[in-house]
Amino acid sequence: MKDEYDFSAAERGKFFRKGASFVPPVYLEPEVLAYLSELAVTQGTSLNDLVNTLLKEDIERIDADK
C-alpha cells in the first residue's frame, strides 16, 4: 500500500445511485447447499426459488407465533 494517495481528480458520489438497493450475498454451508440443490432439482425449480420459498414459510411461522 502506498503511504499517500492522490484524490485530487476524484469525483464525489460517482457510483451513487438514488434508490439503489444492496443485496448482500448469502453463503450456505456446503452440506446445506448440496441438500437444497438436490431438492431443487427433484422439485424442478431453481435453488433461488426454493430457498426463498422456504424462508418465506419460516417468516410466516415466526409471525404466526407472535
Side-chain angles (χ1 to χ4, degrees):
M1 223 169 124
K2 296 180 181 179
D3 289 335
E4 292 185 21
Y5 290 87
D6 180 14
F7 292 104
S8 62
E11 182 180 334
R12 185 176 185 93
K14 181 176 182 176
F15 298 103
F16 175 77
R17 301 291 180 261
K18 188 172 184 169
S21 63
F22 174 70
V23 179
V26 176
Y27 301 101
L28 302 174
E29 295 176 2
E31 54 275 356
V32 173
L33 177 59
Y35 178 84
L36 292 177
S37 295
E38 186 176 319
L39 184 60
V41 169
T42 302
Q43 293 185 0
T45 188
S46 70
L47 177 62
N48 187 59
D49 289 341
L50 175 67
V51 170
N52 278 309
T53 299
L54 292 172
L55 290 172
K56 286 176 184 178
E57 290 171 357
D58 282 345
I59 290 169
E60 288 175 7
R61 284 190 210 111
I62 291 168
D63 287 344
D65 290 342
K66 288 183 180 178

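Just so we're clear, the structure is a prediction, and the values are computed from it rather than from any experiment.
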Could you state the interatomic distance from [atom1] ([X]) to [atom2] ([Y]), rounded to the nearest 0.5 Å?
X	Y	atom1	atom2	result
Phe15	Arg12	CZ	CZ	14.5 Å
Leu54	Leu39	CG	CG	7.0 Å
Gln43	Thr53	CD	OG1	8.5 Å
Leu36	Glu29	CG	CD	11.0 Å

Above 12 or not: heavy atoms from other molecules or residues under 6.0 Å from CG of Asp65?
yes

Whether over 12 other heavy atoms sit under 6.0 Å from Tyr5 OH:
yes

Please report the closest heavy-atom contact between Phe16 and Lys18, naming both atoms and the distance.
CE2-N, 3.7 Å

Which heavy atom in Ala40 sits nearest to a heavy atom in Leu50, and how many Å separate them?
N-CD2, 3.7 Å

Identified side-chain contact (heavy atoms from CB on, under 4.5 Å) counterpart of Asp58 within the set Lys56, Glu60, Arg61:
Arg61

Are [X] and [Y] connected in the hydrophobic side-chain network, where two residues link if heavy atoms are under 4.5 Å apart?
X	Y	result
Val32	Val41	no
Val51	Val26	yes
Met1	Phe7	yes

Carefully, step by step, assess Ser46 and Asn48 under the rule side chain to side chain donor-acceptor pair (under 3.5 Å).
CA-CA 5 Å; Ser46 70; Asn48 187 59; 5.1 Å; no

